[in-house]
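The figures that follow rest on heavy atoms only: side chains count, while hydrogens, waters and symmetry mates do not.
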Amino acid sequence: MTTSASPSLAVNVGGIAMQNPVTVASGTFGYGVEYADWLDVRRLGAITVKGIRLEAWPGNPLPRHVEVPGGLVNAIGLQGPGVAGFIAQYLPRLREFGVPVIVNIWGTTVEEYAEVAARLSDVPGIAGLEVNVSCPNVKAGGSAFGADPATMAGVVAAVRRRTPLPVIPKLAPNVPAMGPFARAAAEAGADALSLVNTLPAMVIDIERRRPVLANRVGGLSGACIHPVAVKHVYDAAQAVKLPILAMGGIQEAREAIEFLIAGATAVAVGTANFIDPSTPLRVIDGIRDYLVRHQMRDVAQLTGSLAVS
Amino acid sequence: MTTSASPSLAVNVGGIAMQNPVTVASGTFGYGVEYADWLDVRRLGAITVKGIRLEAWPGNPLPRHVEVPGGLVNAIGLQGPGVAGFIAQYLPRLREFGVPVIVNIWGTTVEEYAEVAARLSDVPGIAGLEVNVSCPNVKAGGSAFGADPATMAGVVAAVRRRTPLPVIPKLAPNVPAMGPFARAAAEAGADALSLVNTLPAMVIDIERRRPVLANRVGGLSGACIHPVAVKHVYDAAQAVKLPILAMGGIQEAREAIEFLIAGATAVAVGTANFIDPSTPLRVIDGIRDYLVRHQMRDVAQLTGSLAVS
Amino acid sequence: MPLGEAAILEQTPVSGGYCLLRLAAPELAAAAQPGQFIHLRIPGLETTALRRPFSIYRAGAGELAILYKRVGRGTDVLATLPAGTRLSVMGPLGNGFPLASGDRLPILVGGGYGVAPLVFLATRLPRKGVVLLGGRRAADVLCIADFEALGWSVEVATQDGSLGTEGLVTDLLGRHLDAGAPPAELFACGPDGMLRAVGTRAIAAGCRAWLSLDHHMVCGIGACLACVQRLREADGSIHIARVCKDGPIFEARTIVWEDPA
Amino acid sequence: MPLGEAAILEQTPVSGGYCLLRLAAPELAAAAQPGQFIHLRIPGLETTALRRPFSIYRAGAGELAILYKRVGRGTDVLATLPAGTRLSVMGPLGNGFPLASGDRLPILVGGGYGVAPLVFLATRLPRKGVVLLGGRRAADVLCIADFEALGWSVEVATQDGSLGTEGLVTDLLGRHLDAGAPPAELFACGPDGMLRAVGTRAIAAGCRAWLSLDHHMVCGIGACLACVQRLREADGSIHIARVCKDGPIFEARTIVWEDPA
Ligand SMILES: Cc1cc2nc3c(=O)[nH]c(=O)nc-3n(C[C@H](O)[C@H](O)[C@H](O)COP(=O)(O)OP(=O)(O)OC[C@H]3O[C@@H](n4cnc5c(N)ncnc54)[C@H](O)[C@@H]3O)c2cc1C
Ligand SMILES: Cc1cc2nc3c(=O)[nH]c(=O)nc-3n(C[C@H](O)[C@H](O)[C@H](O)COP(=O)(O)OP(=O)(O)OC[C@H]3O[C@@H](n4cnc5c(N)ncnc54)[C@H](O)[C@@H]3O)c2cc1C
Ligand SMILES: Cc1cc2nc3c(=O)[nH]c(=O)nc-3n(C[C@H](O)[C@H](O)[C@H](O)COP(=O)(O)O)c2cc1C
Ligand SMILES: Cc1cc2nc3c(=O)[nH]c(=O)nc-3n(C[C@H](O)[C@H](O)[C@H](O)COP(=O)(O)O)c2cc1C
Ligand code: FES
Ligand code: FES
């Protein structure tokens with residue numbers, strides 16, 4: 001794929017070696033297999049799958065989503081097959097793609113997070129764990145663990161103790177400052193950071209005077225959250241040395257390049273997959289073109305290259 | 001303006017009697033006089049002016065704004081004439097409009113906030129103070145005071161001690177949960193709450209690899225923040241009994257009605273003024289039409305009318 | 001089926017706010033099965049606007065048609081696009097109707113744009129049968145001529161009585177499900193309330209009813225879990241299916257209807 | 001001037017990516033002064049898209065024209081709008097050029113779309129003078145015929161030498177500011193670098209230069225403080241002016257140029 005003149009796109013995110021810096025955001029790409037008919041998933045830097053807890057989980061009632069200007073509000077509620085179901089139904093096929101698999105995990109207790117991590121560490125074919133402490137759509141678990149640095153760090157430390165896999169906490173954007181969260185995660189043993197999750201949001205049907213979503217609230221994703229995410233990525237990169245996996249509103253290579261310049265090592269395409277499944281590949285190509293045009297030999301030169309006066 | 005058949009639009013926001021529930025958001029309507037040629041400002045429920053501190057303040061270097069999908073990122077940096085300048089240059093003309101004037105205040109220290117409040121309490125023609133503890137665009141002051149409930153409450157309490165005017169803290173949207181802030185503000189003596197300010201954001205010029213804004217970061221406003229603001233308003237209304245002045249992304253009456261249903265007593269139109277200065281009047285008319293259509297006699301029936309199952 | 005583009009061949013208002021859209025899409029047309037849908041990206045909408053799903057109305061000879069109703073900003077924009085415009089299309093998606101063996105009389109029940117997939121189905125079923133069409137008023141009842149041209153017998157009910165019987169389309173079902181009527185198999189597409197009523201009657205009459213569900217969708221291919229539907233398996237266990245991928249067509253007996261919100 | 005709507009009368013590509021847009025706007029046309037601008041809302045852009053400012057190129061007989069260059073998504077969309085489209089227009093905005101008394105020779109200096117307000121100015125100044133026009137290449141030099149028809153003498157400089165002198169428009173200034181030349185007053189509109197150079201030369205030559213600044217704008221009417229410019233008052237104190245409301249035209253001596261970013 002790369003000729004000698006072509007810049008190097010390979011990156012390493014906390015121990016996960018990726019052929020290029022582009023993965024997909026958890027929950028927007030199913031378990032990898034669903035989109036396999038629609039793009040060459042072997043070209044991705046990694047595949048990040050939908051959140052998994054210990055047991056199967058039904059998710060929220062419908063409606064689970066609503067479109068808003070420049071974005072999408074979802075409250076899927078982390079429906080999933082549980083660890084055993086994931087390993088049996090999806091992992092074999094995922095392994096065949098030959099790209100690193102990042103599993104997004106969550107739990108309703110700290111112990112559950114750790115247990116999920118341990119179980120996933122026993123099976124081959126998983127490259128790393130993204131620890132979701134920021135899902136706004138479940139009552140227990142999710143954002144309840146991500147609202148303050150100490151609680152979040154407790155989850156990260158518990159997971160860390162039970163797995164040799166790279167641990168990547170996924171942080172919430174609705175915080176006053178990302179620095180304290182980034183530092184707490186680093187101290188708790190995180191190998192990289194993933195940011196950001198969706199912004200808690202609510203949409204009301206004014207005719208019925210009811211929330212549109214059955215879950216009342218959901219998480220805002222898509223183009224409109226990109227400038228918010230870039231600020232968080234920049235702040236996290238200033239605070240810690242950990243590699244950052246950045247996401248939020250990537251639609252084209254441009255938004256991904258902003259993340260890299262702000263300090264991200266890799267990026268994930270989320271909501272845009274729904275609109276155009278070829279987005280991750282266009283982003284990979286766009287990053288390569290940018291590097292060529294700016295005479296950079298390695299995407300690492302882009303990471304953190306922001307000049308501030 | 002109201003015939004006998006017409007529903008009542010009058011509201012009271014923490015002691016500020018407004019003929020209708022629609023004001024303008026601080027910083028998007030200058031000092032009231034600038035837009036007087038473009039709409040009948042006498043029809044507004046109140047006029048909220050740009051942030052004022054003790055002394056004149058130059059604001060940030062240019063560029064101070066950048067357009068993004070569904071929104072605007074600004075870093076004006078609270079440029080203003082200071083208390084004395086405001087009283088001399090703008091207040092006389094503002095008084096003539098005959099609608100309540102809400103002055104948005106800030107300071108670089110807690111004492112300065114209190115001093116500004118005291119000085120503005122000595123002059124006639126000011127209906128209330130909106131206390132900005134959430135501006136993302138100044139180094140000292142602004143969001144530094146709004147990042148945790150206790151610090152924020154300290155500012156509110158200090159202002160409270162120095163003014164008999166209604167005190168309305170203006171809160172930031174980038175918090176894990178609005179409840180603790182709302183409760184802290186209430187306990188510190190706030191008469192109402194104003195929410196939300198802009199979301200901290202960053203936009204990078206990828207060709208130059210520099211932040212677009214001279215201030216590096218700015219605040220995101222406009223349509224895209226509306227679902228985030230609605231959630232905060234709902235949470236605040238669940239947490240405290242204080243009247244809420246809601247803002248963030250109002251473009252038409254629909255978004256304002258969502259805020260009222262979520263629990264707001266009044267709303268403010270911000271960024272939309274720049275695009276269509278008649279927005280506040282269209283919103284007033286749209287709320288009236290909605291009340292008529294839904295056979296409500298008073299806009300108070302709308303406030304907090306959200307049905308949740 | 002890779003992600004493709006298709007050019008608009010024709011865009012014609014029909015009646016009652018409905019429009020016919022013909023697309024040049026040879027591969028898609030060749031693969032399409034009745035009951036499947038396409039997921040269209042509508043150009044000119046704001047950033048992050050999702051695709052919109054539409055049932056396949058006709059497919060063949062290198063082209064594919066849908067029949068859509070203008071109901072919101074997506075379909076409003078769609079209606080303005082001139083012939084020649086290229087659209088990004090995902091499809092054909094979903095499971096499609098089972099093509100019955102022919103030993104039972106097929107009865108198609110359609111409401112509103114729900115007739116679209118039934119027309120396509122009528123062209124492929126091995127045996128002709130009866131079509132029951134409903135709508136609020138005459139303008140909402142589409143495709144009568146299509147079915148008649150295919151040799152199907154058509155009965156109509158409108159709520160205002162402006163065409164056919166006054167009442168609901170489900171009122172027309174009774175006589176066809178009578179003990180004395182020939183054994184039937186039902187295929188229905190339309191609003192939830194109608195589907196539910198068709199399902200209830202089919203179950204009572206002991207015949208199968210294939211219902212095409214109209215859930216809002218995001219990805220359209222089974223990845224996001226926005227469109228789920230609880231199903232009761234033969235063994236009584238509950239299974240969460242995705243309408244876009246495992247459906248949109250499910251047999252009435254398996255569907256667990258949620259209480260009306 | 002209340003917020004109004006104006007219908008597009010004509011939309012014509014000129015050269016070098018420039019277009020002429022004529023609007024039916026009687027009140028606005030009657031009130032417009034040279035150097036003022038209009039703030040246009042461009043339909044079809046995404047939610048929360050700001051208005052775009054454009055200098056008034058011609059005004060009179062119930063209509064108003066602008067000359068715009070396609071440079072981004074707003075002007076790209078603008079260029080697609082057919083005659084008859086109604087646009088929301090705020091204007092006329094800004095202070096406008098002072099209309100000199102006629103005791104000094106007016107010299108107009110324009111670069112790119114900066115010529116637009118100068119054409120309007122040339123129609124209103126009490127005395128005819130000299131116009132110096134610059135651009136990268138011949139296609140960027142607009143309105144020569146306009147000025148000549150008004151009886152002004154035109155000199156051109158292009159960077160590639162494809163029209164007039166090879167070089168910058170400011171190179172043409174020298175001879176007109178010589179000690180021997182008649183006392184002049186300068187009016188300039190164009191890119192920052194050009195304005196700054198014009199200002200520096202005018203100050204050196206002891207004559208006034210009225211510069212029209214091109215700051216990005218939000219409200220366009222002085223309310224948001226997005227477009228500020230520091231000015232040095234006669235007494236040496238610094239004053240922060242709003243380009244949209246207090247400008248866009250300022251006398252060179254008062255402008256405090258920021259260091260290039
Ligand atoms: C499998 C399937 C087949 C369909 N076939 C047809 C058809 O043949 N002809 C036709 O006219 N319509 C059909 N629909 C409905 C069609 O998708 C919606 O009418 C359309 O998406 C409305 O888009 P809008 O932007 O105009 O409306 P808006 O109300 O502005 O849409 C807002 C959002 O809600 C979704 N939405 C709104 N109404 C519906 C609905 N009834 N069903 C699903 N999503 C909806 C939109 O996709 C969009 O995401 C079908 C839906 C499904 C699920
Ligand atoms: C007082 C004044 C008079 C002007 N007169 C003319 C004119 O007569 N003809 C003409 O072609 N252009 C003129 N401009 C510039 C014109 O406003 C911009 O070219 C236009 O806004 C670009 O919009 P866009 O969406 O195509 O570009 P984009 O780059 O997509 O715009 C993004 C944002 O940047 C702003 N912007 C981009 N370029 C400029 C610029 N050069 N100046 C100010 N804002 C900019 C836009 O308004 C918008 O908010 C004038 C600008 C000002 C301030
Ligand atoms: C439908 C949907 C489902 C999601 N599910 C998960 C999930 O299971 N776990 C998780 O950590 N994030 C989840 N997310 C968040 C995304 O991974 C991503 O952080 C967010 O959408 C921002 O990126 P985007 O703007 O590119 O979509 C989900 C997002 C969407 C839209
Ligand atoms: C240009 C601009 C200037 C602003 N200045 C202030 C300010 O001085 N004080 C303040 O409290 N909020 C300020 N804000 C925030 C607004 O008052 C409002 O809270 C925010 O823009 C959200 O509303 P909107 O989405 O309707 O614009 C400013 C916003 C903008 C866009
Ligand atoms: S729409 Fe995504 S799973 Fe059905
Ligand atoms: S653009 Fe708002 S003050 Fe000039």
Side-chain angles (χ1 to χ4, degrees), chain A residues 66 68-71 73 136 143-144 146-148 172-177 199-211 214 216-218 220 222-235 249 251 253-255 257-262 290 293-294 302 305-309, chain B residues 66 68-71 73 136 143 146-148 172-177 199-211 214 216-218 220 222-235 249 251 253-262 290 293-294 302 305-309:
Chain A
V66 51
V68 293
V73 182
S143 62
D148 77 277
N174 53 317
V175 296
L199 269 171
M202 185 172 195
V203 179
I204 293 172
D205 176 339
I206 64 169
E207 296 306 319
R208 299 166 65 232
R209 290 193 286 279
R210 302 178 73 96
R216 293 187 205 178
V217 301
L220 177 64
C224 59
I225 73 167
H226 183 255
V228 173
V230 171
K231 165 137 192 336
H232 283 312
V233 167
Y234 176 72
D235 288 347
Q251 307 229 110
R254 193 184 67 68
E255 292 90 9
I257 293 167
E258 280 194 61
F259 279 133
L260 298 172
I261 294 171
Y290 180 94
R293 196 154 46 79
H294 289 261
L302 210 48
S305 62
L306 188 75
V308 288
S309 43
Chain B
V66 51
V68 293
V73 181
S143 62
D148 77 278
N174 53 317
V175 297
L199 268 171
M202 185 173 197
V203 180
I204 294 173
D205 176 339
I206 65 169
E207 296 307 318
R208 299 166 65 232
R209 290 193 286 279
R210 301 178 74 95
R216 292 187 207 177
V217 301
L220 177 63
C224 60
I225 73 168
H226 182 256
V228 173
V230 171
K231 163 133 193 339
H232 283 314
V233 167
Y234 175 72
D235 288 347
Q251 307 229 110
R254 192 182 69 68
E255 291 90 8
I257 293 167
E258 280 193 62
F259 279 133
L260 298 172
I261 294 171
Y290 180 94
R293 196 154 46 79
H294 288 261
L302 210 48
S305 61
L306 188 74
V308 289
S309 41

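For A:Y290, the part sitting under 4.5 Å from any heavy atom of chain B is the side chain, from C-beta outward, and nothing else. In this structure, no portion of A:A172 lies under 4.5 Å from any heavy atom of chain B. Neither the backbone nor the side chain of A:H232 comes within contact range of chain B; no heavy atoms are under 4.5 Å apart. Both the backbone and the side chain of A:A262 come within contact range of chain B, each with at least one heavy atom under 4.5 Å from a heavy atom of that chain. Residue A:E255 does not touch chain B at all, counting heavy-atom pairs closer than 4.5 Å. At a 4.5 Å heavy-atom cutoff, the contact between A:I206 and chain B is made by backbone and side-chain atoms alike.
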**OP:** Give the intermediate values and the outcome of salt bridge (charged side-chain N to carboxylate O under 4.0 Å, His left out) for residues A:R293 and B:E207.
**Re:** CA-CA 10 Å; A:R293 196 154 46 79; B:E207 296 307 318; 3.0 Å; yes
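In this structure, SG in A:C224 is found 10.5 Å from CD1 in B:I225, a value given to the nearest 0.5 Å. Taking CG of A:N174 as the start and CG of B:L199 as the end, the distance is 9.5 Å to the nearest 0.5 Å.
Nearest heavy atoms, A:A201 versus B:V228: CB-N, 4.0 Å. The nearest pair of heavy atoms linking B:I261 to A:I204 is CG2-CG2, 4.0 Å. For the pair B:V203 and A:P227, the tightest heavy-atom approach, listed with the atom from each and the gap, is CG2-CB, 4.2 Å. What you find for A:P69 and B:A223 is that their closest heavy atoms are CB-CB, 4.4 Å.
Residues meeting the salt bridge (charged side-chain N to carboxylate O under 4.0 Å, His left out) test with B:D148, sequence neighbours left out: none. Evaluation of the side chain to side chain contact (heavy atoms under 4.5 Å, CB included) rule for B:P211 yields A:L306, A:V308, B:M202, B:R216 as partners, not counting sequence neighbours.
Comment: B:R209 does not engage A:E258 in a salt bridge, judged by the lack of any side-chain N to carboxylate O separation of less than 4.0 angstrom.
Listed options A:A177, A:P200, A:A229 were ranked by heavy-atom pairs under 4.5 angstrom with chain B; first place goes to A:P200.
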